[in-house]
Amino acid sequence: MNPDELLRAELTRVARVLGAPDTVVPVLERPRDPAHGDWATNLAMTLAKPLGKKPREIADALVALLDLAAAGVAETTIAGPGFINFRIDAGAHAKPLAQILEQGAAYGRSTGGAGRPVNVEFVSANPTGPLHVGHGRQAALGDAISALLEGSGWQVTREFYYNDGGVQIENLAKSLWVRVAQRVGIDVPIPEGGYNGEYIKEIAERFVAEHGAPSPEVLLPGAEAIVAGSRPADAALFDAMRRFGVAALRAEQDLDLKAFGVRFDVYFLESSLYTDGKVEETVGMLVQGGHAFEQDDALFLRTTDFGDDKDRVMRKRDGTYTYFLPDVAYHVTKWKRGFTRAINVQGSDHHSTVTRVRAGLQALEIGIPAGYPDYVLHQMVTVMRGGEEVKISKRAGSYVTVRDLIDEVGRDAVRYFFLMRKGDSQLVFDVDLARSQSEENPVYYIQMAHARLSGIFRVGEVDAAAVTADGVQWDCLAEPAERELVASLLDYPRLVAGAADALEPHRVAAYLLETARLVHGWYHKHHVLGEPEHIMRARLALAKASRQVIANGLAVLGISAPERM
RNA sequence: GCGCGAGUAGCUCAGCUGGAUAGAGCGUCGGCCUCCGAAGCCGAAGGUCGUGGGUUCGACUCCCUCCUCGCGCACCA
């Protein structure tokens, strides 16, 4: 057991001796100021009320009873309003580093998930345009959350949901038709709700190259129909364009994701919910359950029975379904596929769907828990370029794509940029700044720490694999900079576990920055190579452990850990 | 108007679920390369933690008031 675990146990024992209620659990934490010691507890303060005594008196009583030899406590002090500070002797303090050397890449992993399946859905962009910055944030976030869950023992399925069945796709097909028509000189505008982006022109080029140019006799009336708000008479050609457009954009998005280093296990097509009859089936169940009603020729679901502020339309007057219904049907498939836990990473502009989808699932009454699925909502990304905000609009054709960012700033820097912030704070991405400061991006500071540590082994011609805990004199790591670094490394498992629990990867990012700072400080102040044998061996062990922890943390964020830069 | 989120250093943001003197990066100013990487280190300046109350030994953190900003409030997704 590590010193902190022994301390906790001993504090609990002594608290009971003094008559503390069972509900009091000693809290042991790292003092902000290392001068206060390695661990501190506020136990005396929390006991003041139940015991009816002053905190300082209780602290004195506690200290008198504590048997701290096993935990390697070298010094105990009472400070401030009643904190009890413990200083661990250097040897006991650093000894747990052996665990890092033994566990290697597995250090920091835990088994809380117990192999249970969890579905993490993210990005889920409509196949109507390239992935833009907002999707980038979501890709980085979803991927890191997945990695965190995998690290804590969950069996993760990364899933991408394609909304390929709705009005948006219809508009895509119409836009493509118009672009094809424009190529042969027909003068028609992009329809209302259509997509103006240059990429539609490129896809139109490719469509003509592969399918040949349709005749103006077909294109013109079709274009006129589109302008008039309906669809072309030549359904076969229109459908071919729709499929071509979707396929082209999916391929494009796949390339973006690949460039970003994100892989999905499942691509789920909304259209399959219709072809497999899942939508009909879900409607049937909702009607049968008695939570549906007809009004104004539309079919409503009484979502207000489940906490929504108004009832929602499932089937419109024209007989088609709103997005809401397939969403519910889709989540039913998640549940039925065995995902008793599902997490949806979405932009906060979708937050109104949270209550709705959950209400729909409740109305089915098939045993899905009320809080299913979980949502991680991130705030919007504002893009600045040339000192102005770039209004992201696929329809207007103005956006900054994920690939633009990666090309300009680099994959690691982009990932870090998106992950260093909490998901629920808004985020300004200044493209010019990101490019000009790419050298200053904090991610390089962290990677540099990894590279420097690697350099020790390279320059010293020391085989890192041969560095083990055997025979290391841990009490050699007694310098303040070493003690701080050691403490940080030993905190890593608790940190990642907390980040996984809260679904907050930014904690790992912040931790890595802090740990890298300690590495740089230590590296600068203390030498490893050329020191007396026993000191060098201890420091090599510390260097190896530090490098391992940084590499493990970067892996969670999907960022590389280079040996040299 | 209602719901969700955010207001912390000049700028961009952390603050480990209530602890001791509120931190980092960038920017500004000043130091450090015969030395395992100066993509680094050390120091300085810079704060009424949006506002006003409350809870308690103790509040950036929890509760309430108000202000500002973002997002959402469709038979669009």
Side-chain angles (χ1 to χ4, degrees), chain A residues 27 29-33 35-36 40-42 44-46 48-49 54-55 79-83 85 124 126 128 163 165-169 171 193 270 295-300 309-310 312-318 320-324 326-327 347-355 377-380 382 417 420-430 433 437 439-442 444-445 447-449 451-460 462 491 494-495 498-499 501-502 504 506-507 509-511 513-514 517 519-531 536 539 543 564-565:
Chain A
V27 174
E29 53 195 3
R30 298 280 191 193
R32 198 193 305 270
D33 185 348
H36 290 142
T41 183
N42 61 357
M45 275 111 85
T46 56
K49 201 159 214 178
K54 290 180 182 166
F83 289 104
N85 296 324
S124 294
N126 292 350
T128 54
N163 292 110
V167 179
Q168 315 284 2
I169 302 302
N171 288 336
E270 180 190 1
Q295 185 182 308
D296 303 336
D297 299 323
L299 186 65
F300 283 72
D309 51 5
K310 66 191 211 187
R312 303 293 168 177
V313 172
M314 293 193 284
R315 194 171 55 215
K316 298 182 265 185
R317 270 186 217 130
D318 64 6
T320 61
Y321 297 104
T322 61
Y323 72 96
F324 160 60
D327 260 11
S348 66
D349 53 338
H350 286 76
H351 88 259
S352 61
T353 68
V354 174
T355 313
L377 299 179
H378 68 265
Q379 296 291 315
M380 302 289 90
T382 307
F417 190 91
M420 66 194 287
R421 268 87 181 195
K422 247 188 331 198
D424 52 9
S425 62
Q426 289 160 230
L427 155 48
V428 177
F429 200 124
D430 188 322
L433 199 64
Q437 291 184 350
E439 298 280 314
E440 316 293 340
N441 189 305
Y444 297 110
Y445 183 84
Q447 290 180 319
M448 182 61 196
R452 277 181 138 180
L453 292 168
S454 302
I456 296 173
F457 295 93
R458 187 170 56 242
V459 172
V462 176
D491 284 344
R494 208 163 45 108
L495 183 282
D501 202 44
E504 290 185 350
H506 80 275
R507 294 191 194 183
Y511 168 84
L513 196 61
E514 170 64 13
R517 197 178 65 78
V519 166
H520 284 303
W522 170 71
Y523 178 94
H524 185 263
K525 200 162 184 182
H526 304 292
H527 266 244
V528 177
L529 303 176
E531 296 293 314
M536 184 177 80
R539 289 184 177 169
R564 55 200 319 171
M565 300 178 69

Distance in angstrom units between [X] [atom1] and [N] [atom2], rounded:
| X | N | atom1 | atom2 | answer |
| --- | --- | --- | --- | --- |
| A/Leu377 | B/A77 | CG | P | 19 Å |
| A/Gln168 | B/A77 | CD | P | 7 Å |
| A/His526 | B/C41 | NE2 | P | 14 Å |
| A/Arg312 | B/C75 | CZ | P | 8 Å |
| A/Arg517 | B/G40 | CZ | C1' | 13 Å |
| A/Glu29 | B/C16 | CD | P | 11 Å |
| A/Arg30 | B/G18 | CZ | C1' | 20 Å |
| A/Phe457 | B/G37 | CZ | C1' | 15 Å |

pair [X]-[Y]: side-chain heavy atoms closer than 4.5 Å:
| X | Y | value |
| --- | --- | --- |
| A/Leu377 | A/Asp424 | no |
| A/Val313 | A/Phe324 | no |
| A/Ile456 | A/Val462 | no |
| A/Trp522 | A/Val528 | yes |

Nearest-nucleotide pick for [X], side chain only, options being [options]:
| X | options | value |
| --- | --- | --- |
| A/Arg317 | B/C57, B/C75, B/G5 | B/C75 |
| A/Met45 | B/G19, B/A39, B/C75 | B/G19 |
| A/Asn126 | B/C4, B/G37, B/A77 | B/A77 |
| A/Ala451 | B/G37, B/G40, B/A77 | B/G37 |
| A/Ala502 | B/U17, B/G19, B/A20 | B/U17 |
| A/His520 | B/C36, B/A20, B/C41 | B/C41 |
| A/Val459 | B/C36, B/A20, B/C4 | B/C36 |
| A/Met380 | B/C71, B/C36, B/A77 | B/C71 |

| Whether over 12 other heavy atoms sit under 6.0 Å from A/Arg564 CZ |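 For A/Arg564, atom CZ is not crowded (no more than 12 foreign heavy atoms under 6.0 Å).
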| request: Could you tell me whether A/Lys525 atom NZ has more than 12 heavy atoms of other residues or ligands within 6.0 Å of it? | output: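 It does not: A/Lys525 NZ has 12 such atoms or fewer within range.
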Measure the [atom1]-[atom2] distance between [X] and [Y] for me, rounded to the nearest 0.5 Å.
| X | Y | atom1 | atom2 | value |
| --- | --- | --- | --- | --- |
| A/Asn163 | A/Glu270 | CG | CD | 5.0 Å |
| A/Leu453 | A/Arg458 | CG | CZ | 11.0 Å |
| A/Phe83 | A/Asn42 | CZ | CG | 6.5 Å |
| A/Asp309 | A/Thr355 | CG | OG1 | 7.5 Å |

If we take the [atom1] atom in both [N] and [M], what is their distance in whole Å?
| N | M | atom1 | result |
| --- | --- | --- | --- |
| B/U28 | B/G3 | C1' | 43 Å |
| B/G40 | B/U17 | P | 30 Å |
| B/G1 | B/C13 | P | 27 Å |
| B/G52 | B/C66 | C1' | 8 Å |
| B/A59 | B/C49 | P | 12 Å |
| B/G15 | B/U34 | P | 41 Å |
| B/C26 | B/C42 | P | 12 Å |

| message | Given 3.5 Å as the limit, does a donor-acceptor pair link the side chain of A/His520 with the main chain of A/Tyr445, or not? | response |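 Yes, A/His520 side chain to A/Tyr445 backbone: donor-acceptor pair under 3.5 Å.
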| message | By the rule that syn is within 90° of 0, classify the base conformation of B/C33 as syn or anti. | response |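 With its glycosidic angle within 90° of zero, B/C33 counts as syn.
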| Pick one for B/U48: is it syn, with its angle within 90° of 0, or anti? |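 Glycosidic conformation of B/U48: anti.
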Using a heavy-atom cut-off of under 4.0 Å over every strand shown, decide if [X] touches base, sugar-phosphate, or nothing.
| X | result |
| --- | --- |
| A/Gly80 | nothing |
| A/Lys310 | sugar-phosphate |
| A/Asp501 | nothing |
| A/Ala40 | base |
| A/Arg564 | base |
| A/Asp296 | base |

Base of [N] paired with side chain of [X] (donor-acceptor, under 3.5 Å):
| X | N | result |
| --- | --- | --- |
| A/Asn42 | B/G19 | yes |
| A/Asp349 | B/A77 | no |
| A/His350 | B/G72 | no |

Is [X] stacked on the base of [N], with ring centres under 5.5 Å apart and planes under 30° apart?
| X | N | result |
| --- | --- | --- |
| A/Phe83 | B/A20 | yes |
| A/His36 | B/A20 | yes |
| A/His527 | B/C35 | no |

Distance below 4.0 Å between [X] side-chain N/O and [N] OP1 or OP2:
| X | N | answer |
| --- | --- | --- |
| A/Arg458 | B/G37 | no |
| A/Tyr523 | B/G37 | yes |
| A/Lys316 | B/C76 | yes |

| Out of A/Gln379, A/His506, A/His378, A/Arg507, which one pairs with A/Lys422 under the side chain to side chain contact (heavy atoms under 4.5 Å, CB included) rule? |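 Exactly one option meets the side chain to side chain contact (heavy atoms under 4.5 Å, CB included) with A/Lys422, and it is A/His506.
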Using a cut-off of under 3.5 Å, enumerate the N/O to N/O pairs linking the protein to nucleotides 13-15 of chain B.
unit_1, atom_1, unit_2, atom_2, d
B/C13, OP1, A/Gln426, O, 3.1
B/C13, OP1, A/Val428, N, 3.3
B/A14, OP1, A/Lys422, N, 2.7
B/A14, OP1, A/Ser425, OG, 3.0
B/G15, OP1, A/His506, NE2, 2.7

| task | Could you pick out which residue, A/Ala79 or A/Asp309, lies toward the 5' side of RNA chain B when each is mapped onto its nearest nucleotide? | result |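 Taking each residue's closest nucleotide, the earlier one in sequence belongs to A/Ala79.
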| field | RNA chain B: 5'-proximal contact among A/Asn163 and A/Lys49 (nearest heavy atom) | value |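 Looking at the nearest nucleotide for each, A/Lys49 comes out on the 5' side.
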| request: Please list, chain by chain and in numerical order, all residues satisfying salt bridge (charged side-chain N to carboxylate O under 4.0 Å, His left out) with A/Arg494, sequence neighbours excluded. | output: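 Listed in chain order: A/Asp491.
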| query | Which stems, defined as runs of 3 or more consecutive Watson-Crick or G-U wobble pairs with both pairing distances under 3.5 Å, involve RNA chain B? | reply |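 In RNA chain B, stems of three or more pairs: B:1-7 with B:67-73, B:10-13 with B:23-26, B:28-32 with B:40-44, B:52-54 with B:62-64.
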